[in-house]
Amino acid sequence: MDTTVREKHIPGEAGIWVFVLGDMFIFGLFFVTFAYYRGLDIELFRQSQLKLNQNWGALNTVLLLTSSWFVVVGMSAIRQGYRSMAGKCLSLAWLCGLGFSIVKFFEYGEKINDGITLETNDFFMYYYIFTGIHFLHLIIGMGVLAYMILRLRGNKVLSGDLALFESGATYWHMVDLLWIILFSILYLIK
């Protein structure tokens, strides 16, 4: 158990927080827009929502929550100097991201096979745009995790590198948080 006293700080570099807050603001605008148009035609949105597979959405939520847990454990291992354990945890987080991608591939395929596209109606336009933008964030996050994993395999991680790892973890947690909100508004809120 690590008993050293650490100075409290905001994890990561300041730039990542500017990015995260800006990105969350943009997604906040997306969510307000979605709520507005949902209010204009609640029945269309409800009927369209019934065509989503909640099992796919729930599985993806579990995958991302699990991946965030692996990132937390990995960051703890980095702070304690356990590079091998940190690398394994971050690799498991990356695999959860890959699992999310595979599930999303099947989910999109299911919709497309049913003839549901961006042009079907407003609900599905938002569904594809929001989940597509989120998916792009996830792919970038997987790249960040891969970089962190490779960095752990390289030379000794220096104390100055901690902010880099914290920034990557912060980005990954943002991806997770965005999905939780998307899952709620797209799949759950009736």
Side-chain angles (χ1 to χ4, degrees), residues 6-37 57 60-80 83 86-105 107-108 118 125-155 157-187:
R6 286 191 195 91
E7 183 179 317
K8 293 188 182 224
H9 72 282
I10 296 174
E13 298 173 2
I16 192 65
W17 289 101
V18 171
F19 174 80
V20 164
L21 292 174
D23 213 35
M24 295 298 284
F25 177 76
I26 298 296
F27 268 91
L29 292 175
F30 289 166
F31 301 147
V32 168
T33 302
F34 178 85
Y36 174 78
Y37 284 102
N60 269 343
T61 302
V62 169
L63 284 167
L64 283 188
L65 288 172
T66 303
S67 75
S68 277
W69 181 77
F70 282 128
V71 168
V72 168
V73 174
M75 286 305 301
S76 178
I78 288 169
R79 288 184 183 99
Q80 294 176 32
R83 288 180 27 208
K88 288 175 186 171
C89 288
L90 294 179
S91 295
L92 289 169
W94 188 91
L95 286 173
C96 287
L98 178 63
F100 181 100
S101 302
I102 292 167
V103 169
K104 190 52 70 182
F105 173 80
E107 184 179 11
Y108 283 157
L118 265 165
M125 176 190 65
Y126 289 118
Y127 165 79
Y128 280 111
I129 290 172
F130 293 170
T131 61
I133 292 171
H134 175 266
F135 189 66
L136 176 62
H137 280 70
L138 179 110
I139 297 299
I140 292 167
M142 289 177 65
V144 169
L145 287 176
Y147 176 77
M148 292 166 66
I149 294 163
L150 292 173
R151 187 76 184 245
L152 285 167
R153 290 184 183 163
N155 297 330
V157 176
L158 304 173
S159 61
D161 293 336
L162 183 60
L164 172 82
F165 286 99
E166 289 174 341
S167 294
T170 299
Y171 180 85
W172 190 256
H173 292 312
M174 178 198 70
V175 170
D176 187 13
L177 176 61
L178 289 173
W179 177 254
I180 291 169
I181 297 168
L182 284 169
F183 176 63
S184 298
I185 67 170
L186 293 172
Y187 295 80

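Just so it is clear, the values below take in all heavy atoms, side chains as well, and ignore hydrogens, waters and symmetry mates.
- Ring orientation note: the planes of Phe130 and Phe31 are nearly perpendicular, at an angle over 60° on the 30°/60° scale.
- For Tyr108, the OH atom is densely surrounded, since the number of other residues' heavy atoms within 6.0 Å is greater than 12.
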Note to self: What verdict does the side-chain contact (heavy atoms from CB on, under 4.5 Å) test give for Thr131 and Phe135, after you've listed the backbone C-alpha separation in whole Å, the side-chain angles of each residue and the deciding distance to 0.1 Å?
What the structure shows: CA-CA 6 Å; Thr131 61; Phe135 189 66; over 6 Å; no
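- Heavy-atom minimum distance, Gly74 versus Ala86: O-CB, 3.5 Å.
- Considering only heavy atoms from C-beta on, Ile129 stays 4.5 Å or farther from His134 through its side chain.
- With hydrogens and angles disregarded, a donor-acceptor distance shorter than 3.5 Å links the side chain of Ser101 to the backbone of Gly97.
- Closest non-hydrogen pair, Gly99 versus Asn60, comes out as O-OD1, 4.2 Å.
- In this structure, the side chains of Leu92 and Thr66 stay at 4.5 Å or more apart for every pair of heavy atoms.
- The two residues His173 and Ser68 come nearest to each other via the heavy atoms ND1-OG, 3.1 Å.
- The closest side-chain heavy-atom distance from Val32 to Tyr36 is not below 4.5 Å.
- Closest heavy-atom contact between Val144 and Gly168: CG1-CA, 3.5 Å.
- The backbone N or O of Ala146 sits nowhere less than 3.5 Å from a side-chain atom of Trp94 that would complete a donor-acceptor pair.
- Contact annotation: the side chain of Asp23 approaches that of Phe27 to within less than 4.5 Å [non-hydrogen atoms, C-beta and beyond].
- With rounding to the nearest 0.5 Å, the separation of CG in Leu118 from CE in Met125 is 8.0 Å.
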Margin query: Could you go through Leu65 and Ile180, starting from their C-alpha distance and side-chain angles, then the distance that decides it, and tell me whether this counts as side-chain contact (heavy atoms from CB on, under 4.5 Å)?
Written below: CA-CA 9 Å; Leu65 288 172; Ile180 291 169; 3.6 Å; yes
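- Nearest heavy-atom pair across Gly87 and Leu152 is N-CD1, 3.6 Å.
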Next item on the list: For the pair Phe100 and Trp179, evaluate ring-ring contact (aromatic ring centres under 6.0 Å, His included) and give the outcome as yes or no after the intermediate values.
Entry: CA-CA 11 Å; Phe100 181 100; Trp179 177 254; 5.0 Å; yes
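- We find the OG1-CG distance between Thr170 and Leu177 to be 12.0 Å, quoted to the nearest 0.5 Å.
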Notebook entry, point to check: What do the steps show when you test Lys88 against Val73 for side-chain contact (heavy atoms from CB on, under 4.5 Å), and what is the final call?
Noted result: CA-CA 10 Å; Lys88 288 175 186 171; Val73 174; over 6 Å; no
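- Ile181 CD1 to Phe30 CZ: the interatomic distance, rounded to the nearest 0.5 Å, is 13.0 Å.
- For the atom pair OG (Ser67) and CG (Leu145), the distance works out to 7.5 Å, reported to the nearest 0.5 Å.
- The closest side-chain heavy-atom distance from Arg83 to Arg151 is not below 4.5 Å.
- Rounded to the nearest 0.5 Å, atoms OH (Tyr171) and CH2 (Trp17) are 14.0 Å apart.
- Using the six-membered ring where Trp is involved, Phe183 and Tyr187 have ring planes that are tilted, between 30° and 60° apart.
- With values rounded to the nearest 0.5 angstrom, Met174 atom CE is found 7.5 Å from Met24 atom CE.
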Check: Between Leu90 and Met75, is a side-chain contact (heavy atoms from CB on, under 4.5 Å) present by the stated rule, with each step listed?
Finding: CA-CA 9 Å; Leu90 294 179; Met75 286 305 301; 5.7 Å; no
